Amino acid sequence: MSQSNAVRLEHPALAPTRLGGQTLANRLAVAPMTRVSASPAGVPTPAMVDYYARFARGGFGLVITEGTYTDETFSQGYLHQPGLASPAQVSAWSEVTAKVHAEGARIVAQLMHAGALSQGNPHRDGTVGPSAIRPRGEMMPEYRGSGLWPVPAAMTAYDIDEAVEGFVDAAAHACAAGFDGIEVHAANGYLLDQFLTTYTNHRDDEYGGSVANRVRLTARIVTAIRVALGPDFWVGVRLSQTKVNDFEYRWPGGSADARVIFAALGEAGATYLHVASEGRNWIETARLDGDGDGNGAGPGGTITALARDVSGLPVIANGGMHDVEQAAQVLTGGHADLLALARGALANPDFPQRLAAGERLREFDHSMLTPMATLENAERWRRAVDLPSSDAAAAGSEEART
Ligand SMILES: Cc1cc2nc3c(=O)[nH]c(=O)nc-3n(C[C@H](O)[C@H](O)[C@H](O)COP(=O)(O)O)c2cc1C
């Protein structure tokens with residue numbers, strides 16, 4: 001993949017930007033990626049320190065961690081997932097944040113409660129969710145799961161309070177570990193998205209029914225963290241229409257739902273909104289109401305542009321942003337302020353440096369995540385294709401095989 005000089009010299013993703021009162025070196029963020037490589041007790045390992053530092057060294061302005069569980073009750077989603085719930089976890093994460101900061105990047109912890117999509121949790125038998133409805137699809141083998149999801153227990157008011165407390169405590173732990181902020185994971189089908197989604201939320205209390213009610217729990221968590229940690233600690237929110245177990249779902253009310261959701265999270269005190277597109281390219285989920293003009297964000301309007309307009313917050317777009325032409329259009333067209341790359345960052349942990357130098361970008365090779373998305377598996381894959389160990393965390397097939 002060679003880049004034209006125009007794209008290389010003027011690529012808007014390389015311009016510095018501001019987030020939550022701080023400067024970022026550029027507009028390129030590493031998207032959250034679960035790697036199920038922590039110790040059995042959810043403690044980040046030295047390999048994880050190197051993995052995260054590699055992206056910072058490669059020039060990413062912002063690193064967002066993998067989904068990190070918040071409490072030692074129902075939040076954990078996978079075995080070997082890292083947490084921010086114990087002193088040992090906090091201490092190990094502080095090594096990650098120190099290394100990433102030393103390389104000049106900022107780092108945010110993605111806080112995740114898996115809810116009904118938990119497929120490995122040593123702390124509790126069974127799962128919880130908004131309603132006792134079995135999730136669609138099957139557990140994910142690349143994260144150590146197999147078979148149907150269990151039917152979750154419908155959360156009581158006590159369970160909800162406990163989950164909120166877990167998010168607030170985990171955010172305080174993230175702050176103590178040196179993170180610049182946290183990102184509340186309200187996307188991709190996990191607990192907070194289960195509340196937002198009509199077919200997994202059949203509640204008749206203040207958390208069910210209207211979209212204003214379905215977004216209430218996420219907004220409550222954002223405000224609770226903001227109140228606990230003050231104005232300077234970033235509290236981002238990740239949202240998506242699609243899910244790991246459903247690539248087809250779209251917010252039923254289209255732009256009307258989107259407006260309610262974005263406004264509620266802006267009012268709740270979010271620092272930024274991150275709109276993901278699980279299993280899809282950004283443009284495939286960006287258009288609301290079936291056409292570009294129909295979302296109230298003006299001609300060619302998109303979900304991310306609407307998020308900016310309605311909330312007034314910086315917005316991160318995600319989904320196929322390793323396509324440098326699309327990435328440029330998203331920024332120059334006013335659709336987003338930052339771009340988050342997942343597969344593109346795995347293939348090119350030095351993506352920003354390659355973009356700046358006009359170097360060839362590697363293609364992502366899914367076999368590095370097969371049979372499991374672990375760092376160890378990526379290392380085995382790297383050895384098999386004989387790549388230099390400086391790219392141990394991630395690299396791509398094209399260059400490896402030539
Ligand atoms: C291995 C892997 C793990 C992922 N884990 C997470 C996660 O922990 N949290 C999350 O919000 N999204 C997760 N995602 C989704 C990505 O952040 C991203 O939304 C998706 O891959 C689309 O972006 P891309 O086109 O840049 O790959 C994961 C994706 C991959 C490939």
Side-chain angles (χ1 to χ4, degrees), residues 28-69 77-84 88-112 142-144 174 177-180 182-183 185 318 322 340-354 361-362 364-385 387-397 399-400:
L28 293 163
V30 179
M33 279 179 282
T34 291
R35 304 307 305 266
V36 284
S37 297
S39 80
V43 177
T45 62
M48 289 169 66
V49 178
D50 292 345
Y51 165 76
Y52 283 113
R54 178 76 186 94
F55 296 119
R57 198 161 63 249
F60 281 93
L62 177 66
V63 176
I64 307 172
T65 72
E66 61 206 281
T68 300
Y69 68 84
Y78 332 100
L79 299 177
H80 293 272
Q81 180 185 15
L84 264 165
Q89 292 166 349
V90 174
S91 148
W93 276 120
S94 61
E95 290 177 38
V96 174
T97 61
K99 264 270 180 78
V100 167
H101 284 150
E103 300 286 358
R106 306 266 175 189
I107 180 163
V108 158
Q110 188 185 55
L111 299 187
M112 166 174 163
E142 66 273 27
Y143 304 144
R144 305 172 195 275
F179 283 99
D180 297 286
I182 58 90
E183 177 175 285
H185 194 354
N318 166 250
H322 48 268
L341 285 75
R343 292 163 301 164
L346 288 183
N348 305 275
D350 53 355
F351 188 97
Q353 286 171 354
R354 283 174 181 261
L361 295 166
R362 295 175 179 138
F364 170 69
D365 180 355
H366 193 264
S367 59
M368 68 184 295
L369 303 178
T370 314
M372 269 191 287
T374 57
L375 298 184
E376 198 186 359
N377 189 73
E379 172 65 16
R380 232 189 339 263
W381 171 87
R382 182 196 65 76
R383 274 197 230 106
V385 298
L387 274 173
S389 62
S390 60
D391 287 345
S397 59
E399 193 164 293

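For the numbers below, each heavy atom of this structure counts, side chains included, while hydrogens, waters and symmetry mates do not. Keep in mind that what you see is a predicted model, and the values were worked out from it rather than measured.
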- Message: How close do Phe60 and Ala345 get, counting heavy atoms only, and between which atoms?
- Response: CZ-CB, 3.7 Å

- Salt bridge between Glu379 and Arg383, side-chain N to carboxylate O under 4.0 Å? yes

- Flag the pair Pro371 / Glu142 as yes when at least one side-chain heavy-atom distance between them is below 4.5 Å, and no otherwise. no

- Closest contact, heavy atoms only, Pro349 versus Arg54: CB-CG, 3.6 Å

- Query: Is a side-chain donor-acceptor pair under 3.5 Å present for Tyr52 with Glu103?
  - Reply: no

- Ignoring hydrogens and geometry, is there a side-chain-to-backbone donor-acceptor pair from Thr45 to Met48 under 3.5 Å? yes

- CZ-NE2 distance between Arg354 and His322, expressed to the nearest 0.5 angstrom: 14.5 Å

- Would you say Thr68's side chain and Leu84's backbone share a donor-acceptor pair under 3.5 angstrom? no

- Donor-acceptor contact present, side-chain Asn348 to main-chain Gly344, <3.5 Å: yes

- Message: Quick one: does any side-chain atom of Asp350 pair with a main-chain N or O of Arg57 as donor and acceptor, under 3.5 Å?
- Response: no

- Message: Minimum heavy-atom separation for Ala56 and Val63, please, with both atom names.
- Response: N-CG2, 4.4 Å

- Query: Which atom names give the shortest non-hydrogen contact between Ser367 and Trp381, and what distance separates them?
  - Reply: OG-NE1, 3.0 Å

- Side chains of Leu346 and Met33: closer than 4.5 Å at any heavy-atom pair? yes

- Message: Can you give me the closest heavy-atom contact between Pro44 and Ala92, atom names plus distance?
- Response: O-CB, 3.5 Å

- Heavy-atom donor-acceptor pair, Arg144 side chain to Val36 backbone, under 3.5 Å: yes

- Query: Under 3.5 Å, is there a donor-acceptor pair between the side chain of Asp180 and the main chain of Val108?
  - Reply: no

- Between Asn318 and Ala340, which heavy-atom pair has the shortest distance, and what is it? ND2-O, 2.9 Å

- Give, for atom CE of Met368 and atom CG of Leu375, the distance between the pair rounded to the nearest 0.5 Å. 9.0 Å

- Does the pair Thr65 and Glu183 meet the rule for a side-chain contact (heavy atoms from CB on, under 4.5 Å), with working shown? CA-CA 9 Å; Thr65 72; Glu183 177 175 285; over 6 Å; no

- Got Tyr51 and Ser37 here, is their nearest side-chain heavy-atom distance under 4.5 Å? no

- Task: From the options Arg35, Met112, His185, Gln81, select the one residue that forms a side-chain contact (heavy atoms from CB on, under 4.5 Å) with Glu66.
- Result: Arg35

- Item | Separation of Tyr143 OH from Leu369 CG (nearest 0.5 Å) | 7.5 Å

